[in-house]
Colleague: 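The structure that follows is given in the form of structure tokens.
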Amino acid sequence: MDETNELIQQRMRKLETLKKEGINPYPNDFKVTHNSGDILKIYGSWSEEELKGLSDPFRLAGRIIAIRNFGKASFIHMKDQTGKIQAYFQKEILGDESFQFFKRFDIGDFIGLEGNLFRTKTGELTLQVKKFCLLGKSLRPLPEKWHGLTDIEIRYRQRYLDLITNPRVKEVFLMRGLIIQRIREFFNQRGFCEVETPMLHPIPGGATAKPFRTHHNALDMDLFLRVAPELYLKRLVIGGLEKIFEINRSFRNEGISTLHNPEFTMLEFYQSYATYLDMMEMTEELLGSLVKEFHGGFTLTYQEKRIDFTPPWRRIRFKDSLVEIGHLDPIILKDPQKAVETARKLGLELKKGTSHGRVLADLFKEWVEPHLLEPTFVTHYPTEISPLSRRNEEDPEVVDRFELFIAGREIANGFSELNDPLDQRERFLQQLKEKTEEGDPSLFFDEDFLVALEFGMPPTAGEGIGIDRWVMLMTDSPSIRDVIFFPLLRMEK
RNA sequence: GAGCCGUUAGCUCAAUCGGUAGAGCAACUGACUCUUAAUCAGUAGGUUGCAGGUUCGAUUCCUGCACGGCUCACCA
């Protein structure tokens with residue numbers, strides 16, 4: 001916005017005038033006694049007679065979002081965090097000088113009000129203003145009152161304008177906060193301890209995404225923003241913390257899309273002496289209870305699609321899903337060569353290598369994942385694409401792992417943890433080999449973690465849930481940018 | 001990184017075939033004591049994202065660039 005803009009200049013002049021008159025345009029001594037949301041909730045149904053019986057004055061503060069002037073009276077709407085309320089200014093009550101002062105207020109200014117409640121002819125609960133003061137002068141015009149702000153770039157870059165203008169946006173973010181609060185309560189009630197582990201990692205691990213690189217000057221040491229907290233949380237499990245969880249940011253240096261932001265929030269939790277089966281049950285309880293609380297039942301609508309969360313949720317083995325849901329020829333499950341042929345025939349590029357497990361994972365991504373609309377646990381993943389999961393007792397080629405899919409996207413990933421240090425070392429080496437063959441230098445060998453594991457880790461199960469994606473589902477948001485206040489954008493010139 | 005689409009007043013949007021860039025809200029002046037998208041009368045507000053090109057003339061056609069959106073790629 002141009003500083004020479006006429007509208008801004010006008011308001012700057014108003015500010016100068018206020019200062020010259022000795023009026024502080026930014027005071028901080030107004031004491032608030034009520035907010036609009038509580039007032040409407042408590043007195044919304046009171047009659048005019050009952051309202052007259054109230055003796056205490058109401059002191060509210062907020063931003064003016066609409067002004068309707070008459071010759072000797074004015075209505076405004078004022079907005080605070082809890083909602084908006086109408087206020088009525090009358091020359092007869094306020095006096096000439098005070099009423100003239102009010103007339104100099106602009107839409108966008110913060111105002112403190114004192115008065116009592118009454119009901120207008122149309123029945124709207126309104127504050128009859130007895131006293132008022134300026135609490136903060138606004139120097140820039142707000143977006144238009146009727147159409148609001150729709151320019152998506154301004155909505156992201158100047159989210160405060162989005163929040164002022166579009167009520168739904170505030171609802172979504174307040175709900176996000178509430179969901180995270182409930183998740184904390186869920187784990188606290190079950191005896192889990194919330195922990196915080198480093199975001200600056202000397203060796204990135206726990207996932208193979210490309211990391212952001214940074215540098216510590218005093219130690220002259222390269223560091224990486226974490227791609228996952230997993231390996232540090234497991235160190236805590238080794239240290240004897242049997243039930244822990246962390247809700248925090250991870251960072252992945254990859255593309256941006258409606259499902260991906262370079263920094264995103266993940267919930268990870270670990271429970272010793274539990275298995276991936278226990279994790280699935282706990283997931284049903286956690287997510288199911290959230291749906292129930294916020295949607296009044298076990299169903300919600302996401303992007304016009306009805307999704308039923310009534311437990312138990314469908315469970316299907318990874319390989320079975322390729323045949324039953326992907327309608328692929330069962331021969332690909334036994335014959336790696338046929339799997340490669342099928343993938344190529346279907347137009348997949350197989351950039352990640354042609355090992356059987358990876359090819360099947362590629363086929364899964366393309367032919368199964370988009371069809372998993374109702375909550376579905378896919379289990380028994382191939383061992384070679386699950387380097388941190390415990391092998392299945394009956395079939396060591398698969399692991400005791402699941403991924404939860406809802407609305408055709410991955411929401412959670414959990415497994416019984418691999419606590420055999422020798423097997424873990426082998427898997428890391430195997431992973432390193434694969435990556436080296438592809439010429440990808442982004443993988444590092446975390447010897448320190450293996451040493452920790454060699455001290456002994458109890459049998460444990462763990463899980464990660466993508467909070468942003470879950471909030472998208474809960475708030476019917478089509479893009480991850482709708483649930484992150486400030487999604488990453490390129491810098492403006 | 002690729003393809004497609006978009007960018008006009010503070011905001012939301014118009015502008016015919018290439019022919020003087022308009023409206024509503026917001027703002028300013030005036031009228032108005034129950035309005036709520038208040039109403040009425042008037043005024044002002046533009047480097048049409050940026051840089052080139054074609055043309056007598058470009059918001060409009062062409063090229064490049066910037067930013068954004070969607071799709072794809074990337075993301076076990």
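Numbers restart at 1 for each chain; the letters A, B, ... are given by sequence-line order, proteins then strands.
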Colleague: Taking any strand in view, what nucleotide pairs with B:rU47 in a Watson-Crick or G-U wobble way, both distances under 3.5 Å?
Modeller: none

Colleague: In Watson-Crick or G-U wobble terms, both distances under 3.5 Å, what is the partner of B:rG6?
Modeller: B:rC67

Colleague: Taking the side chain of A:K365 as heavy atoms from C-beta outward, which of B:rU33, B:rA76, B:rC75 is closest to it?
Modeller: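 The listed nucleotide nearest to A:K365's side chain is B:rC75.
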
Colleague: Heavy atoms only, 4.0 Å cut-off, all strands: where does A:T258 land among base, sugar-phosphate and nothing?
Modeller: sugar-phosphate

Colleague: Quick one: do A:E417 and A:K234 make a salt bridge, cutoff under 4.0 Å?
Modeller: yes

Colleague: Any idea how A:F428 and A:F449 line up, ring-wise: parallel (<30°), tilted (30 to 60°), or perpendicular (>60°)?
Modeller: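 The arrangement is tilted - the two ring planes meet at 30° to 60°.
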
Colleague: Carefully, step by step, assess A:F402 and A:H380 under the rule ring-ring contact (aromatic ring centres under 6.0 Å, His included).
Modeller: CA-CA 7 Å; A:F402 67 88; A:H380 296 77; over 10 Å; no

Colleague: Tell me whether A:R235 is salt-bridged to A:D448, with the criterion being a basic N under 4.0 Å from an acidic carboxylate O.
Modeller: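 Salt bridge: yes.
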
Colleague: Can you find an N or O donor on one side and an acceptor on the other, under 3.5 Å apart, linking the side chain of A:Y88 with the base of B:rU35?
Modeller: no

Colleague: State the pairing partner of B:rG52; accept Watson-Crick or G-U wobble contacts with both distances under 3.5 Å, and report none otherwise.
Modeller: B:rC62

Colleague: Just the rounded figure in Å: distance from P of B:rU35 to CZ of A:F75.
Modeller: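 Going from CZ in A:F75 over to P in B:rU35 covers 7 Å.
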
Colleague: Need the pair for B:rC72. Rule: Watson-Crick or G-U wobble, both distances under 3.5 Å, any strand; none if unpaired.
Modeller: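 Pairing partner, where one exists within any strand: B:rG1.
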
Colleague: Classify A:E384 by what it touches in the nucleic acid, base, sugar-phosphate, or nothing, heavy-atom distance under 4.0 Å.
Modeller: nothing

Colleague: For A:R104 and B:rA27, give me the distance from atom CZ to atom C1', rounded to whole Å.
Modeller: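 Atom CZ in A:R104 sits about 17 Å away from atom C1' in B:rA27.
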
Colleague: So, OP1 or OP2 of B:rC28: does either fall under 4.0 Å of a side-chain N or O from A:K14?
Modeller: yes

Colleague: CD1 of A:I164 versus C1' of B:rA26: gap in Å, rounded?
Modeller: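 Answer to the nearest Å: 15 Å.
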
Colleague: Which part of the nucleic acid, if any, lies within reach of A:R13 when heavy atoms closer than 4.0 Å are counted: base, sugar-phosphate only, or nothing?
Modeller: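 Counting heavy atoms under 4.0 Å across all strands, no contact is made by A:R13.
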
Colleague: Among B:rC28, B:rA76, B:rU35, which nucleotide has an atom closest to any side-chain atom of A:A209?
Modeller: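 It is B:rA76.
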
Colleague: For the residue pair A:R213 and A:F224, would you count it as a cation-pi contact if the rule is NZ or CZ under 6.0 angstrom from the ring centre and within 45 degrees of the ring axis?
Modeller: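 Ring-cation test returns no.
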
Colleague: Looking across every strand, which nucleic acid part, if any, lies under 4.0 Å from A:K84 by heavy atom: base, sugar-phosphate, or nothing?
Modeller: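 Nothing, no heavy atom under 4.0 Å.
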
Colleague: Do the side chains of A:E114 and A:R59 get close enough for a salt bridge, i.e. N-O under 4.0 angstrom?
Modeller: yes

Colleague: A:N69 or A:F118: which one's nearest nucleotide on RNA chain B is closer to the 5' end?
Modeller: A:F118

Colleague: Counting only side-chain nitrogens and oxygens, does A:R157 get under 4.0 Å of the OP1 or OP2 atom of B:rG68?
Modeller: yes

Colleague: Counting only side-chain heavy atoms from C-beta out, which of B:rG10, B:rG69, B:rU33 sits nearest to A:L489?
Modeller: B:rG69

Colleague: Between A:L7 (CG) and B:rA9 (P), how many Å, whole number?
Modeller: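 Rounding to the nearest Å, CG of A:L7 and P of B:rA9 are 13 Å apart.
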
Colleague: Considering only heavy atoms and no angle criterion, is a donor-acceptor pair shorter than 3.5 Å present between the side chain of A:T150 and the base of B:rU12?
Modeller: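 No, the side chain and the base share no sub-3.5 Å donor-acceptor pair.
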
Colleague: Would you mind telling me which residue lines up with the more 5' stretch of RNA chain B, A:L149 or A:Q10, judged by nearest nucleotide?
Modeller: A:L149

Colleague: Need one value for A:R252: base, sugar-phosphate or nothing, where a base atom within 4.0 Å counts as base even if backbone is also close, heavy atoms only.
Modeller: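 Since no nucleic acid heavy atom lies under 4.0 Å of A:R252, the category is nothing.
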
Colleague: How many Å lie between CD1 on A:I76 and P on B:rC34, as a whole number?
Modeller: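 Checked: the CD1 to P distance equals 17 Å.
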
Colleague: Give the rounded distance in Å between these two atoms: CG of A:D109 and P of B:rA27.
Modeller: 11 Å

Colleague: Within this structure, what is the CD-to-C1' distance between A:E153 and B:rG69, rounded to whole angstrom?
Modeller: 10 Å

Colleague: Over all strands shown, is A:G357 touching base, sugar-phosphate only, or nothing at heavy-atom distances under 4.0 angstrom?
Modeller: nothing

Colleague: Is any N or O donor-acceptor pair between the side chain of A:H260 and the base of B:rC75 shorter than 3.5 Å?
Modeller: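 Flag set: donor-acceptor pair detected.
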
Colleague: With heavy atoms under 4.0 Å as the rule, sort A:G206 into base, sugar-phosphate or nothing.
Modeller: base

Colleague: Under a 3.5 Å limit for both distances, which nucleotide forms a Watson-Crick or G-U wobble pair with B:rU12, could you say?
Modeller: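 Pair assignment: B:rU12 / B:rA23.
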
Colleague: Should the pair A:F377 and A:W313 be assigned to parallel (<30°), tilted (30 to 60°) or perpendicular (>60°) ring geometry?
Modeller: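 Rings of A:F377 and A:W313: parallel, under 30°.
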
Colleague: Is there a Watson-Crick or G-U wobble partner for B:rC32 with both distances under 3.5 Å, and which nucleotide is it?
Modeller: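 Checking every strand shown, B:rC32 finds no partner, since no pair has both distances under 3.5 Å.
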
Colleague: So, does A:R490 get its side chain near the phosphate of B:rC67, meaning an N or O under 4.0 Å from OP1 or OP2?
Modeller: yes

Colleague: Take atom CG of A:L259 and atom P of B:rC70, then tell me their distance rounded to the nearest Å.
Modeller: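 In whole Å, B:rC70 P and A:L259 CG are 11 Å from each other.
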
Colleague: Classify A:I385 by what it touches in the nucleic acid, base, sugar-phosphate, or nothing, heavy-atom distance under 4.0 Å.
Modeller: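 A:I385: base contact, heavy atoms under 4.0 Å.
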
Colleague: Base, sugar-phosphate alone, or nothing: which one does A:L142 contact when heavy atoms must sit under 4.0 Å apart?
Modeller: nothing

